[in-house]
Amino acid sequence: TNEFIKEVDGEKIIRTDWHHISTWGKTADACARMLRKGSKVLVEGKLRNSNNEHNSNYEIFAIDVTFLSNYGTEN
C-alpha cells in the first residue's frame with residue numbers, strides 16, 4: 001500500500017507498507033498465474049492478527065482479489 005505524505009517543509013514522500021495476504025483454491029491459482037512484482041490488485045478480505053511469540057503482524061485472508069494490471073500470462 002502506497003501512501004503519499006506531505007512533509008512539513010512541503011516535500012512529498014511515498015510511504016510503502018507491505019502486507020501478508022493468504023488465498024486458497026481457484027483464487028490462489030489465478031494469483032500465481034497473474035501476479036508479478038509491481039502488479040496492482042484490489043484485495044477484499046478479513047484482517048487477522050497473527051500474534052505469536054516471534055512477532056505481532058497482521059495478515060489479510062483474501063475473500064476477493066481483483067486484478068488491476070495485466071502483467072500475468074493470461075490474455
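All values below come from the heavy atoms of this structure, side chains included, with hydrogens, waters and symmetry mates left out.
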Trainee: Linking directly or through intermediates, with side-chain heavy atoms under 4.5 Å: list the remaining ILVMFWY members grouped with Ile5, chain and number order.
Mentor: Ile13
Trainee: For Trp24, check ring-ring contact (aromatic ring centres under 6.0 Å, His included) against everything at least two apart and list the hits.
Mentor: Phe61
Trainee: Determine the minimum heavy-atom distance between Phe67 and Met34, stating which atoms define it.
Mentor: CE2-CB, 3.8 Å
Trainee: In Å and rounded to the nearest 0.5 Å, what is the CD1 to OG1 distance from Ile63 to Thr27?
Mentor: 10.5 Å
Trainee: Where do Cys31 and Thr23 come nearest, in terms of heavy atoms and distance?
Mentor: SG-CG2, 4.3 Å
Trainee: Mind checking the CG-NZ spacing from Leu68 to Lys40? Nearest 0.5 Å is all I need.
Mentor: 8.5 Å
Trainee: Please say yes or no: joined through hydrophobic side-chain contacts below 4.5 Å, possibly via intermediate residues, are Val43 and Leu47 part of one cluster?
Mentor: yes
Trainee: Within the distance-only criterion (no hydrogens, no angle test), does the side chain of Ser69 pair as donor or acceptor with the backbone N or O of Ser39 below 3.5 angstrom?
Mentor: no
Trainee: For residues 11-24, which residue pairs pass the salt bridge (Lys or Arg N to Asp or Glu O under 4.0 Å) check, not counting sequence neighbours?
Mentor: Glu3-Arg15, Arg15-Asp17
Trainee: Quick check: is Ile21 connected to Val65 through a chain of hydrophobic side chains (ILVMFWY, heavy atoms under 4.5 Å apart)?
Mentor: yes
